[in-house]
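Okay, structure first, notes after.
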Amino acid sequence: MKELIGKIVHSVLTGQDYRTYVLATINKRFLDKAQRLISEIFEYKRKGNNWLEKLLDDTYKKQGKNNKFKLLWFGGLNDKTVKNMTGGTSAKRVCLDLGKKNIKALQLLLEEFENSEDLYQMIINIEKDKEKISLDYIESLFFMNIISAMKLTIQGGAWSEVGKKTEKGLLFVIFKMINIPDERYILTKLTNEEMKKKGLVKNREIDAIVLNDKNEALTVELKLLGIGNPEIGDEAFSRNVNLFLTDKLTEMMKDEAKNQGITVIEFRQKNPLFKIYEFFSSNGVSCNKPEEMSAEELEKSINKIIREWREEQEDLKIVKKLKEWTK
């Protein structure tokens with residue numbers, strides 16, 4: 001994961017599109033999960049008829065988060081869909097019942113159209129060690145439904161996971177490259193009510209807090225999403241942060257930020273790291289100009305910093321700093 005974060009951070013700081021790295025992660029996970037699902041389908045199909053219902057029942061009996069995900073996928077569902085259908089719950093029994101109902105509904109629909117001349121017929125063959133099993137037309141569509149449900153889950157999960165990890169790692173790299181002392185910042189998504197009472201922050205959910213020479217807190221929000229998504233600006237504006245770092249914003253959103261006194265720095269602009277230095281320096285934060293270096297030197301420097309990054313230590317530092325700053 002650190003190697004991936006290093007590549008994304010380098011892409012962001014050099015104004016390149018980092019999304020290909022996330023897509024590569026999604027595709028790798030997709031292939032890994034697909035192989036595991038296919039192996040189970042293969043084993044159950046070769047044992048006889050009614051294999052999908054048996055697969056659902058057996059998966060339901062198994063413990064663990066991964067088996068709950070598989071239970072959802074074998075029923076052609078994902079966690080978000082189930083919660084939307086039930087009003088918030090995705091308990092295993094609910095997943096099993098809805099999965100069976102979903103399979104039955106799809107089966108009835110497909111049987112209705114099975115003999116239609118307008119439909120293409122698709123047959124999936126799975127082969128392992130010269131042994132081959134064939135899924136009929138309806139089973140093949142069930143198979144597609146299973147794989148599609150799995151892809152939706154890992155796609156959303158990967159963007160969220162990589163996004164959260166990268167955002168913290170990116171801020172850590174930025175603060176290191178402009179030499180903000182460790183004791184003058186914390187990286188956090190959660191502060192506490194004491195910090196609000198002390199006036200250090202105005203909102204509980206922010207990405208970083210940096211103290212200047214007067215011990216005034218500067219709050220930072222970071223969002224790695226592209227232009228055209230108004231939600232990313234709305235979050236930063238509602239939190240009333242001092243600095244908003246993002247990939248790119250519309251001119252309208254930048255004007256709104258300016259009206260609210262929020263400084264926006266886009267990573268797609270020229271030399272964003274220097275702009276970040278200028279912001280902190282002009283606001284009384286102890287820091288240094290970033291060194292001028294080639295793209296290759298920058299990549300090496302980023303990788304070195306990322307290797308030094310220990311998220312657990314940052315979390316411990318949060319607890320320690322919260323106690324110090326709220327005395």
Side-chain angles (χ1 to χ4, degrees), residues 1 22 25-41 43-45 50-112 138-168 188-193 203-207 223-225 229-232 234-235 238-239 311 315:
M1 179 62 81
V22 184
T25 301
I26 290 171
N27 289 332
K28 184 180 183 305
R29 291 182 182 182
F30 169 74
L31 291 174
D32 290 342
K33 296 286 186 188
Q35 281 294 312
R36 293 174 191 172
L37 295 181
I38 291 169
S39 70
E40 293 193 49
I41 291 169
E43 290 301 322
Y44 274 79
K45 171 62 179 176
N50 206 25
W51 60 270
L52 186 51
E53 186 169 347
K54 291 175 182 175
L55 181 53
L56 275 168
D57 288 333
D58 288 350
T59 305
Y60 171 75
K61 296 171 186 174
K62 296 176 182 177
Q63 300 297 315
K65 188 176 181 181
N66 286 335
N67 285 311
K68 182 185 175 183
F69 278 127
K70 286 197 287 187
L71 178 64
L72 285 163
W73 299 336
F74 289 137
L77 302 168
N78 60 55
D79 192 66
K80 187 175 181 181
T81 300
V82 171
K83 286 180 177 177
N84 288 339
M85 292 171 70
T86 60
T89 182
S90 62
K92 282 181 70 178
R93 168 52 67 177
V94 173
C95 295
L96 177 65
D97 292 341
L98 286 178
K100 288 185 176 182
K101 288 178 182 177
N102 190 43
I103 290 169
K104 188 65 176 176
L106 182 58
Q107 187 173 17
L108 292 173
L109 179 64
L110 293 174
E111 287 173 352
E112 184 179 338
I138 293 177
E139 290 173 333
S140 294
L141 289 172
F142 284 155
F143 176 89
M144 287 188 62
N145 215 22
I146 291 167
I147 298 299
S148 297
M150 177 269 289
K151 179 69 182 291
L152 283 172
T153 300
I154 64 170
Q155 188 164 288
W159 280 108
S160 176
E161 178 192 350
V162 174
K164 288 174 183 175
K165 295 271 186 186
T166 301
E167 286 172 2
K168 273 192 174 184
T188 176
K189 260 294 182 187
L190 295 174
T191 60
N192 64 13
E193 289 299 328
N203 193 288
R204 292 188 64 196
E205 294 186 6
I206 49 180
D207 287 315
K223 286 293 178 187
L224 290 180
L225 289 172
N229 185 350
E231 292 180 6
I232 63 171
D234 291 343
E235 288 179 11
S238 66
R239 290 166 187 166
E311 193 170 359
D315 291 340

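All values below come from the heavy atoms of this structure, side chains included, with hydrogens, waters and symmetry mates left out.
For Gln155, the side chain to side chain donor-acceptor pair (under 3.5 Å) criterion is met by no residue, not counting sequence neighbours.
Residues Glu40 and Leu55 approach most closely at OE1-CD1, 3.8 Å, considering heavy atoms. For the residue pair Leu96 and Tyr60, the shortest heavy atom distance occurs at CD2-CG, 3.7 Å. The shortest non-hydrogen separation linking Thr86 to Thr89 is OG1-O, 2.5 Å. The two residues Trp51 and Tyr44 make their nearest non-hydrogen contact at CB-O, 3.3 Å. Summarising the geometry of Cys95 relative to Leu72, their closest heavy-atom pair is SG-CD2, 3.4 Å, with the distance given to 0.1 Å. Contact detail for Ile138 and Gln107: the closest heavy-atom pair is CG2-CG, 4.4 Å.
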Residue pair Lys45, Glu139: steps toward the side-chain contact (heavy atoms from CB on, under 4.5 Å) verdict = CA-CA 10 Å; Lys45 171 62 179 176; Glu139 290 173 333; 3.0 Å; yes
(message) If you apply the rule salt bridge (charged side-chain N to carboxylate O under 4.0 Å, His left out), what do you find for Asp97 with Arg93, and how did you get there?
(response) CA-CA 6 Å; Asp97 292 341; Arg93 168 52 67 177; 3.3 Å; yes
### Task
Let me see the working for Ile103 and Phe74 under side-chain contact (heavy atoms from CB on, under 4.5 Å), right down to the final yes or no.
CA-CA 9 Å; Ile103 290 169; Phe74 289 137; over 6 Å; no
Please determine whether salt bridge (charged side-chain N to carboxylate O under 4.0 Å, His left out) holds for the pair Asp32 and Lys28, giving the CA-CA distance in whole Å, both sets of side-chain angles, and the decisive distance to 0.1 Å. CA-CA 6 Å; Asp32 290 342; Lys28 184 180 183 305; 3.2 Å; yes
(request) Determine, stepwise, if the pair Gln63 / Asn67 fulfils side-chain contact (heavy atoms from CB on, under 4.5 Å). (result) CA-CA 6 Å; Gln63 300 297 315; Asn67 285 311; 5.7 Å; no
request  = Walk me through it: do Asp58 and Lys54 pass the test salt bridge (charged side-chain N to carboxylate O under 4.0 Å, His left out)?
outcome  = CA-CA 6 Å; Asp58 288 350; Lys54 291 175 182 175; over 6 Å; no
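Atoms NZ and CD, from Lys223 and Glu167 in turn, are 5.5 Å apart once rounded to the nearest 0.5 Å. Here Ile41 contributes atom CD1 and Ile146 contributes atom CD1; the two are 4.0 Å apart, rounded to the nearest 0.5 Å. For the atom pair CE of Met144 and CG of Leu106, the computed distance is 11.0 Å after rounding to the nearest 0.5 Å. Taking CG of Leu77 as the reference point, atom CZ of Phe69 lies at 13.0 Å (rounded to 0.5 Å).
Using a cut-off of 4.0 Å between Lys/Arg side-chain N and Asp/Glu carboxylate O, Asp57 and Lys100 are scored as salt-bridged.
Taking the side chain as every heavy atom from C-beta outward, Asn84 and Lys80 approach each other to under 4.5 Å. Taking 4.5 Å as the limit, some side-chain heavy atom of Ile38 sits within range of a side-chain heavy atom of Phe143. In this structure, the side chains of Asn66 and Lys33 come closer than 4.5 Å at one or more pairs of heavy atoms.
Using modelled atom types, no side-chain atom of Asn50 and backbone atom of Glu53 make a donor-acceptor pair closer than 3.5 Å. Using a distance-only test at 3.5 Å, with no hydrogens or angles considered, no donor-acceptor pair links the side chain of Asn102 to the main chain of Leu98.
Counting non-hydrogen atoms of other residues, nucleotides and ligands closer than 6.0 Å to NZ of Lys62 gives a total above 12.
Looking only at atom types and distance, the side chain of Asp79 has a donor-acceptor partner in the side chain of Ser90 under 3.5 Å away.
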